[in-house]
Amino acid sequence: MRYRFDIVVIGGGVVGSSIARELSRTNAAIAVLEKNSDVVDETSGRNSAVVHGGFAYDRGSLKAKLCVEGNRMMGDLSEDLGFPFIRCGKVLVGNTDEDMRTLENTIRQGYDNGASGLSMIDGKRLHELVPAVIGSFAMFSENSGILDPFLYTIHIAENAHENGVSYFLSHKVVSIERRNGIHIVTAGDDVFEAEWVVNAAGLGAKTISDMLGITGYKVIGSKGNYLVLDKTLGPLLPMPVYPVPSNTYMGIHVTPTVDGNVTVGPDAVNTDDFSYYGVPGDRMEYLRESASTLWPHISRKDVIRTFSGILPKWVDDKGRIQDFRIEIRDDIDDRAVNLIGIESPGLTAAVPIGRMVSEMILERTAFHSKDVWNGHHDKPMRFDDAADKTLVCSCENVTEEEIVRAIHNPLGVHTLSGIKYRTRAMMGRCQAGFCHMKIEKLIERECGLRAEDIRYMGPDSWILSGKMRNGNGK
Amino acid sequence: MENRGIVIIGAGPAGLAAAIRLDELGVRDILILERENSGGGILRQCIHDGFGLERYGESISGPEYASRLLEEIGKRGIECRTGSSVIDIGRDRVLTVASARGTEIIKAGAIIAAAGCRERSRGAIMIPGERPAGVYTAGTAQAYMNLYNRMPGRKAVILGSGDIGLIMARRLTLEGAEVSAVFELQDHPNGLERNIVQCLDDYSIPLYLNHTVTEIHGKERIEGVTVSEVDSITHKPKAGTEKYYPCDTLILSVGLIPDNTILERAGVIIDPVTGGASVDEHYMTSVPGIFSAGNMLHVHDLADYASAEAEAAAENAALYIEGKLDTGGNIRVAAANGVSHVVPMRVSGNGPFTVSLRACRRERNRKVEIRQGEKVLGWHFFPLVIPSQMITVHSDAASGSEDIEVSII
């Protein structure tokens, strides 16, 4: 098919979707092209889920500015968009004089960056805040928080869609050219013509940048591995506990999730393979040992899952990590916004990034404001909202009604992982042992698909080879 | 709020047997709560035979075993509410139940928790490598095949020699899939001897002891596994022994864990070794009036034994609601030499009791001894003890407060 849009956003993660949502306030016709089958399959869904305070970034950097803005607006966003967010605070725990100096400098940098609610606390106060923590003193950031990275991203995307943005999932961009001022973007079997192209491709941003003719960027992958711990531990950890940060790396930390699990990680291993999410055995042990110096409750028996994520870091010739780069290169293409190195704190900063990109475009093309724009997304349906409370997932108390609602999501995602991220079914301690087949059956029924056509996540992730017997069997 | 006499959680081999026993004892107000849409528990998907030898004196299939129990339940008019999940147990045995009708509150005179166990997952054993589709626990694969008429894959490798893994090796083979091998971390199989013979040997499926999967390959669907030999004592993989096995399915049969989320919420003390409730010889947990039995208490080798244990729990629950259960003292029962776990974990000292245990190692000509200080309370000689078989030994009453030790000597 051949489509015509005003703006094509490449990448449907939290940044691409935030950009699309901001632009959807105008009358521009917008498409989001996402290579994966859902919007949370890469970095947006693979991270610590921490809303950062903005103190850890260089003075005057975009990272600092956009992170502080994102942190400030997160409470309102969570109200508007119906995703779970808890402003629980966080501590960075120290023991030595050098730690003390580093943390004090971090606080000064934070205030210069516009962050607020930063203070040094003594051991007594630290142990009141987090009873089991190991450490002598800490820097406390009261405005840091945690959110549900899946629902945050999905609700931003769904709200963009609600406001007229067209989503094309499983559409990997293979070429971009510009003829007579119009971009021609080929993705899958489809061709998209658009005045504007926005490169929000995250891990794929360098590839897209090269396609746009903006060459020379060096982007490395920094892979972080994580352990997920059982919900019995959530009550023991009221807020994220971090070690003293270095300039470029926050360190292995323990983080509560909004649902009461605990994650441990990430380490940071450089990689050139931007699609390998395997977790090596030695890293699992390393994470456990390393984080146990901060918090003593990490035991092997409580690990219910491991995962990993990859941050795209823009580095200079000497390998030094650079700021976010958000640019229009008039010398090369005056209708392309290029985003490079959007790594942490991209989750926190996504909506301010969206606003910034939107303003850059609106300065040059006068798209008009829409008369009606609805920035609201309902909270997800949960157990309490269901009338029929027949459970499908007993670990997370997810009802059949919630699963069916999730299968009919506005973006049209009907993979098992898509249902998992939207409902929490399969995320509990049995890890889908009892509900995998029930959810598969519901997807078959609701979507009219055959068993062999159901996917876990990507196009080759089939889960069943088919029916065993044909005939009247259901 | 609904008031009931005895509420049984779970309509599997344990819960159904408990209900029947209660009815035999004259208890009339019995309610069974079952989260699935039909009774029978895990037996529904166990279409192989080997059930019922102890209870019925003949070898029948899981569904037949379940239907005999369910028929009895029907005949006796015992109420079984299916599609009803207990999501909370509060103070004074007040249960919150989720079902198509919403949530309902039921107050029970006594509770028998018999909700079974779950399977250890890939995450729990932290197998390194990619996370493709096609990695299933044996029970999930079994449910797909036997309840849903769905084939999980065509070329399988099985990790773990638990009984369901062995059963699935045969089941997959009979359905035309290729099963390359079964790998077991330990130096002994985890499943019953008869299953090794009937499910692996008869189909020429090799079993490799002291081997484990050290990496999973495949971006979207599993494409193969790396298997390594491990040291028989430390279980650490030996470098240089890696071998690649192509497959499109990995079946995990790496252990069962009593499923006690609900009892944890009720404040019941959980035994760290069994993963089930800590109970006395009456199968009563640390919360008065809450009893536990079957695989929810500790993992059994045979459904028949889960049923028998639940009957014993039922007898005590019946006494409890009459105010006749003499709970008495609190003498600790400890697993000692050669014993991996014991049930009960404490006894009252008021009378003889039965100990269920598992051996740590395969050993010949051993005596299981129950001893309190100098006094031997009970013993039994076994020509062979193996970890995969549950052992039951009767004991005389204990006295005083000194710990009781159960050992294999």
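Only a predicted model underlies this, so the values are computations on that prediction, with no experimental measurement involved. Residue numbers start from 1 in every chain, and the chains themselves are labelled A, B, ... in the order their sequence lines are given, proteins ahead of strands.
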What I'd like to find out is whether the side chain of [X] reaches to under 4.5 Å of the side chain of [Y], using heavy atoms alone.
| X | Y | answer |
| --- | --- | --- |
| A:Leu227 | B:Met126 | yes |
| B:Leu147 | A:Met437 | no |
| A:His436 | B:Tyr136 | yes |
| B:Ile87 | A:Phe383 | yes |

Determine the option with the most heavy-atom pairs under 4.5 angstrom with chain B, choosing from [options].
| options | result |
| --- | --- |
| A:Arg283, A:Lys438, A:Glu452 | A:Lys438 |
| A:Cys430, A:Gly281, A:Gly466 | A:Gly466 |
| A:Met284, A:Lys231, A:Arg455 | A:Met284 |

Tell me whether [X] contacts the main-chain N or O of [Y] through its side chain, where contact means a donor paired with an acceptor under 3.5 Å.
| X | Y | result |
| --- | --- | --- |
| A:Tyr456 | B:Arg221 | no |
| B:Thr140 | A:Gly433 | yes |
| B:Asn149 | A:Lys467 | no |

Quick check on [X] against chain B: is it the side chain, the backbone, both or neither that has a heavy atom closer than 4.5 Å?
| X | answer |
| --- | --- |
| A:Ser275 | both |
| A:Asp460 | both |
| A:Ala386 | neither |
| A:Ile304 | backbone |

Next on the checklist: Between B:Glu175 and A:Arg469, does the side chain to side chain contact (heavy atoms under 4.5 Å, CB included) criterion hold? Intermediate values first, please.
Outcome noted: CA-CA 10 Å; B:Glu175 287 300 329; A:Arg469 303 269 186 282; 2.8 Å; yes
Item to check | Salt bridge B:Glu104-A:Lys389, side-chain N to carboxylate O under 4.0 Å | outcome: no
Item to check | Ionic contact status for A:Glu444 with B:Arg150, cut-off 4.0 Å | outcome: yes
Expected list for residues 251-263 of chain B: side-chain donor-acceptor pairs under 3.5 angstrom, two or more places apart:
residue, atom, partner, partner atom, Å
B:Ser253, OG, B:Gly162, N, 3.3
B:Ser253, OG, B:Gly162, O, 3.4
B:Ser253, OG, B:Gly165, N, 3.1
B:Asp259, OD1, B:Arg118, NH1, 3.4
B:Asn260, ND2, B:Gly275, O, 3.0
B:Asn260, ND2, B:Met296, O, 2.9
B:Thr261, OG1, A:Arg429, NH1, 2.9

Count the heavy atoms belonging to other residues, nucleotides or ligands that lie under 6.0 Å from [atom1] of [X], then report whether that count exceeds 12.
| X | atom1 | result |
| --- | --- | --- |
| B:Lys155 | NZ | yes |
| A:Lys301 | NZ | no |
| A:Arg405 | CZ | no |
| B:Asp231 | CG | yes |
| B:Tyr245 | OH | yes |

Item to check | Contact class of B:Ala100 relative to chain A, heavy atoms under 4.5 angstrom | outcome: both
Checklist entry - Out of B:Gly153, B:Gly176, B:Pro237, B:Gly83, which one racks up the most heavy-atom pairs below 4.5 Å with chain A? => result B:Gly153
Item to check | Choice from B:Met145, B:Glu215, B:Met151 maximising heavy atom contacts with chain A below 4.5 Å | outcome: B:Met151
Checklist outcome for this item: When rounded to the nearest 0.5 Å, the distance separating CG of A:Asn397 from OG1 of B:Thr103 is 11.0 Å
Checklist entry - Yes or no on side chain to side chain contact (heavy atoms under 4.5 Å, CB included) for B:Arg35 and A:Phe434, after CA distance, side-chain angles and deciding distance? => result CA-CA 11 Å; B:Arg35 69 180 182 188; A:Phe434 289 112; 3.4 Å; yes
